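This report refers to the structure that appears directly beneath it.
Values below: all heavy atoms of this structure, side chains included; hydrogens, waters and symmetry mates excluded. Letters A, B, ... are given to chains in the order of the sequence lines, protein chains preceding strands, and every chain is numbered from 1. Not measured: the values here are computed from a predicted model.
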2 protein chains.
Amino acid sequence: MDNKHIFTEKLRSSGLRPTKQRIEICKLLFNRKDTFHFSISDLKNISTKKISLATIYNTIHAFTRKGYLKEISINSDKTYFDTNTSDHHHFFDENKKKLIDLDDNNVGKIKIKKTLPGKKIKSVEILVRITNDN
Amino acid sequence: MDNKHIFTEKLRSSGLRPTKQRIEICKLLFNRKDTFHFSISDLKNISTKKISLATIYNTIHAFTRKGYLKEISINSDKTYFDTNTSDHHHFFDENKKKLIDLDDNNVGKIKIKKTLPGKKIKSVEILVRITNDN
DNA sequence: ATCATAATTTATAATGATTCTAATATAGTG
DNA sequence: CACTATATTAGAATCATTATAAATTATGAT
Ligand SMILES: [Mn+2]
Ligand SMILES: [Mn+2]
Ligand SMILES: [Zn+2]
Ligand SMILES: [Zn+2]
């Protein structure tokens, strides 16, 4: 896994210096097959290297500004982020407090019939709350 | 406006004692034609009577538990509540930071094709982010 | 009305996520 | 190497929310 070089390039090309903290965070976030939904504390917990909390916040915010992460709207005490930055929807498992992707093709076409003068639609997102069946 | 009596009954029938604080909050929330979307600080600000912050939190949570209010999911530093407790969707005006109701009949039928074993759907909510057109 | 009791209100403290600060360390450039 | 802009860091500050525990109030029974 020599993604280090790839991440270094990615960071440089975004005007972010490739520090060891940022590269470590890149590995944690982007070295995976599936979409990753996480909170800051999740990220801190899975990191073996010790990165200060301030740096984690700084880095995640920088990545969000650069468009490498997306902030997800769920009413929670914590903010969630998503490595899938495309327009897509979510299940939110209220028991596990976990987000699960819901691709466009898993959702019928959404038609918003109401319009508001002087306003344009920026995004349309569905949140499907789920709980244990029993 | 002798809603006081109506609110007193409503509170009693919910097993909540009709205190002057709760009746005042009822008036602020339910004595209006339109749906009201608010945060705790919004509510504190529009109240002329002095009700302690703890009581405002307690009351809003009690009303939510009783089904008279609905918590709304937007990623914000504050929690928002809604006097419209029916299943419905929202516009979120990113410029004014205001929620606007979007009735079911303003949205085409939503079909969630993906299912998760052992899980049941609790709610399906759409958030349509809007910004100024220009 | 008086009492008894549980429910409610309240001021205040505690909590916890996030942001800020300002000192130290590091990356990029020549 | 030396210079400077950037980045990291520990710790403090902020702010919404929740917890605590004492004082007040609503209600039902005498
Ligand atoms: Mn939130
Ligand atoms: Mn929050
Ligand atoms: Zn996602
Ligand atoms: Zn609403």
Seminar exercise, completed: Glu71(B) and Asn75(A) have their tightest heavy-atom pair at OE2-ND2, 2.8 Å

Exercise. Side-chain N or O of Gln21(B) less than 4.0 angstrom from OP1 or OP2 on dT25(D)?
Worked result: no

Exercise. Touch check for Thr19(B), heavy atoms < 4.0 angstrom, all strands: base, sugar-phosphate only, or nothing?
Worked result: sugar-phosphate

Problem set entry | Which nucleotide in dT9(C), dA10(D), dT27(D) has an atom nearest any side-chain atom of Ser52(A) | dA10(D)

Problem set entry | N or O in side chain of Tyr57(B) less than 4.0 angstrom from dT18(D) OP1/OP2 | no

For this session: Nearest-nucleotide wise, let me know which of Leu16(B) and Ile40(B) is further upstream toward the 5' end of DNA chain D.
Result: Ile40(B)

Exercise. What's the CG-P distance between Leu43(A) and dT18(C), to the nearest Å?
Worked result: 12 Å

Exercise. Can a side chain N or O of His61(A) be found less than 4.0 Å away from OP1 or OP2 on dT18(C)?
Worked result: no

Problem set entry | Proximal nucleotide (of dA17(C), dG28(C), dA16(D)) relative to the Arg12(A) side chain | dG28(C)

Exercise. So, for Ile56(A) and Ile40(A), which heavy atoms are closest and what is the spacing to 0.1 Å?
Worked result: CG2-CG2, 3.9 Å

Problem set entry | Nearest-neighbour nucleotide for the Thr55(B) side chain, dT10(C), dA27(C), dT8(D) considered | dT10(C)

Problem set entry | Gap between atoms CD1 and P, on Ile56(B) and dT9(C) respectively (whole Å) | 11 Å

Problem set entry | Rounded distance in Å - NZ (Lys44(A)) to C1' (dT8(D)) | 12 Å

Problem set entry | Heavy-atom pair of closest approach, residues Leu127(A) and Ser73(A) | CD2-O, 4.0 Å

Exercise. OP1 or OP2 of dA5(D) less than 4.0 angstrom from a side-chain nitrogen or oxygen of Arg17(A), does that happen here?
Worked result: no

Problem set entry | Whole-Å gap separating C1' (dA26(D)) and CG (Leu11(B)) | 13 Å

Problem set entry | Atom pair distance, as rounded to whole Å: CG in Asn58(B) and C1' in dT10(C) | 10 Å

Exercise. Does a side-chain N-to-carboxylate-O contact under 4.0 Å join Glu125(A) and Lys70(A)?
Worked result: yes

Exercise. Want to settle it: does Lys20(B) or Tyr80(B) sit nearer the 5' end of DNA chain D, counting the closest nucleotide to each?
Worked result: Tyr80(B)

Exercise. Does Arg22(B) have a side-chain nitrogen or oxygen under 4.0 Å from the phosphate oxygens OP1 or OP2 of dA7(C)?
Worked result: no

Exercise. Is the Lys NZ or Arg CZ of Lys10(A) less than 6.0 Å from the centre of Tyr68(A)'s six-membered ring, within 45° of the axis?
Worked result: yes

Exercise. Nearest-Å distance, CZ (Phe81(B)) to P (dT17(D))?
Worked result: 7 Å

For this session: Nearest whole angstrom, please: distance from the C1' of dT9(D) to the CG of Leu53(A).
Result: 11 Å

Problem set entry | Integer-rounded Å distance: dA17(C) C1' and Asn45(A) CG | 14 Å

For this session: Using the six-membered ring wherever Trp is involved, compare the ring planes of His37(A) and His90(A) and label them parallel, tilted or perpendicular (cut-offs 30° and 60°).
Result: perpendicular

For this session: Have a look at Ile51(A) and say if it touches a base, only the backbone sugar-phosphate, or nothing, with a 4.0 Å heavy-atom cut-off.
Result: sugar-phosphate

Exercise. Given dT9(D), dT17(D), dA26(D), which nucleotide is nearest the side-chain atoms of Pro18(B)?
Worked result: dA26(D)

For this session: May I ask you to say what Ser39(B) touches in the nucleic acid, namely base, sugar-phosphate or nothing, with a heavy-atom cut-off under 4.0 Å?
Result: nothing

